[in-house]
Amino acid sequence: GESVGLHLPTLSVQEGDNSIINCAYSNSASDYFIWYKQESGKGPQFIIDIRSNMDKRQGQRVTVLLNKTVKHLSLQIAATQPGDSAVYFCAEAGNSGGSNYKLTFGKGTLLTVNP
Amino acid sequence: ETGVTQTPRHLVMGMTNKKSLKCEQHLGHNAMYWYKQSAKKPLELMFVYNFKEQTENNSVPSRFSPECPNSSHLFLHLHTLQPEDSALYLCASSLNVPGAWTDTQYFGPGTRLTVL
C-alpha cells in the first residue's frame with residue numbers, strides 16, 4: 001500500500017505469479033484515478049485509468065479495482081514478468097473545493113519480480 | 001516512447017551556474033507541466049501551462065523560471081540553485097489543462113539534476 005513514512009513499500013513476487021499493488025487515497029471528492037509505472041532512469045509511464053463511475057477496468061494483463069467506500073484502489077498484474085519490475089504509483093484527481101482539478105500522486109510501491 | 005522528450009538527461013551544476021532544461025512534446029497537446037521528483041517523495045507539481053499561458057505556480061522559488069514559447073515547448077531556467085534542488089525534473093503534457101475534467105498526463109524521461 002501507500003507509504004506514510006519515508007520508506008517505499010516493496011512487493012516481491014515470482015515470475016508468473018499475479019501481483020496486487022494497493023493505494024489508499026484520502027480525498028472523497030476524487031473521481032479520476034491513474035496508475036503509472038516508473039522504471040529506473042525513466043519517466044512515469046501511463047498504465048491504466050478509471051473514473052469513479054466504474055469499480056473495475058481491465059487492460060492488457062492489468063486490472064484496476066476501485067472501492068470508493070473505503071477509498072481504496074488496487075492494480076492487479078497477471079502473470080508478472082521481469083519487465084514489470086518498477087515503481088508503481090497511483091494518482092488521484094478531483095476538485096478539492098477549488099475551481100480546478102488537482103492531480104495528486106502517491107509515493108509508490110517498488111515491485112521486484114524474481115525469475 | 002511517450003512523445004515527450006527532455007534534454008539534457010543529466011545535468012551537474014554549481015550553485016552559481018545558470019542552466020536551462022528543455023521539454024518538447026509531439027502529441028498535439030495544449031497543456032504542459034513541470035514536476036520535481038525527489039527520492040522517496042511523491043511527485044511535486046511545479047508549474048502548469050495552458051496554451052502557452054502559465055495557469056499555476058505551486059509556490060516555486062524564483063530561482064526556477066519557466067518559459068513556454070508555444071504549446072509544444074517548455075523550458076525551465078535555473079539559476080543560483082541549492083544542493084537540495086537536486087532531483088529528477090519531469091515534464092509532462094496533456095490534451096487539456098485540468099479544469100472541470102482532467103486528461104491523462106504523459107511524462108518525459110526526466111532530467112537528473114545534481115547541484116554541487
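Values below: all heavy atoms of this structure, side chains included; hydrogens, waters and symmetry mates excluded. In the text below, chain A, chain B and the rest are named by the order of the sequence lines, each starting its count at 1.
Evaluation of the side chain to side chain donor-acceptor pair (under 3.5 Å) rule for B:His26 yields no partner, not counting sequence neighbours. Considering only residues two or more places apart in sequence or on other chains, A:Pro115 meets the side-chain contact (heavy atoms from CB on, under 4.5 Å) condition with A:Glu15.
Annotation: the span from B:Thr104 atom OG1 to A:Ile48 atom CD1 amounts to 11.0 Å, rounded to 0.5 Å. Here the straight-line distance linking atom CG of B:Leu43 with atom OH of A:Tyr36 works out to 9.0 Å at 0.5 Å rounding.
Interface remark: A:Gln45 contributes no atoms to any contact with chain B (heavy atom separation under 4.5 Å).
For the options B:Arg112, B:Lys41, B:Gln37, heavy-atom pairs under 4.5 Å to chain A are most numerous at B:Gln37.
In this structure, the side chains of B:Pro109 and A:Lys42 stay at 4.5 Å or more apart for every pair of heavy atoms.
B:Leu45 and B:Val60 fall into different hydrophobic clusters, where Ile, Leu, Val, Met, Phe, Trp and Tyr are joined by side-chain heavy atoms under 4.5 Å apart, directly or via other members. Hydrophobic cluster membership differs between B:Val48 and B:Met46, with clusters built from Ile, Leu, Val, Met, Phe, Trp and Tyr side chains linked at under 4.5 angstrom.
Between A:Phe105 and B:Tyr35, the two ring planes are perpendicular [angle over 60°; tilted spans 30° to 60°].
The number of heavy atoms from other shown groups lying within 6.0 Å of CD (B:Gln82) is above 12.
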